[in-house]
Amino acid sequence: VKSASFTVTEPAPVVASAAVTAPTCNAGNNGSINLTVTQGAAPFSFNWTGPGGPYTSEDLSGLRAGVYVG
C-alpha cells in the first residue's frame, strides 16, 4: 500500500472594481462600465443583465441609463 500527502490551495478570492461613466442625458446611450478583475483564477466569464442586455464582455459601452448587474 502506497500513501501520499498533498496540499490543495484555493486561488485568492476574486476582487472586482468598476469605473462607471453615466450617459450624458436620460435618452443618451454613451454610458460605460470599465470592470477591472484581479486575483482569482483566470479565465473569467462575465454575465451582465440590464437594458439592452444580456452582455457577456468584461467592459460595457454604449449604455443607456438603467441598472446593470454583473
What heavy-atom pair brings [X] and [Y] nearest, and what distance separates the two atoms?
{"X": "Thr36", "Y": "Glu58", "value": "CA-OE2, 4.0 Å"}
{"X": "Ala65", "Y": "Pro51", "value": "O-CG, 3.9 Å"}
{"X": "Val37", "Y": "Val14", "value": "CG1-CG1, 3.6 Å"}
{"X": "Leu60", "Y": "Ser57", "value": "CD2-OG, 3.6 Å"}

Between OH of Tyr55 and OG1 of Thr49, what distance do you get to the nearest 0.5 Å?
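Those atoms lie 9.5 Å apart.
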
If you measure from OH on Tyr68 to CG on Leu63, what distance do you get to the nearest 0.5 Å?
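Rounded to the nearest 0.5 Å, the OH-CG separation comes out at 4.5 Å.
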
Show your working on side-chain contact (heavy atoms from CB on, under 4.5 Å) between Phe46 and Leu35 and close with a plain yes or no.
CA-CA 10 Å; Phe46 302 91; Leu35 186 67; 3.7 Å; yes

Taking Asn30 for its side chain and Gly62 for its backbone only, find out whether a donor-acceptor pair lies under 3.5 Å.
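Judged by distance alone, no pair lies under 3.5 Å.
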
Consider side-chain contact (heavy atoms from CB on, under 4.5 Å). Of Val69, Ile33, Thr56, which one does Trp48 pass it with?
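Checked Val69, Ile33, Thr56 against Trp48; only one passes side-chain contact (heavy atoms from CB on, under 4.5 Å): Ile33.
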
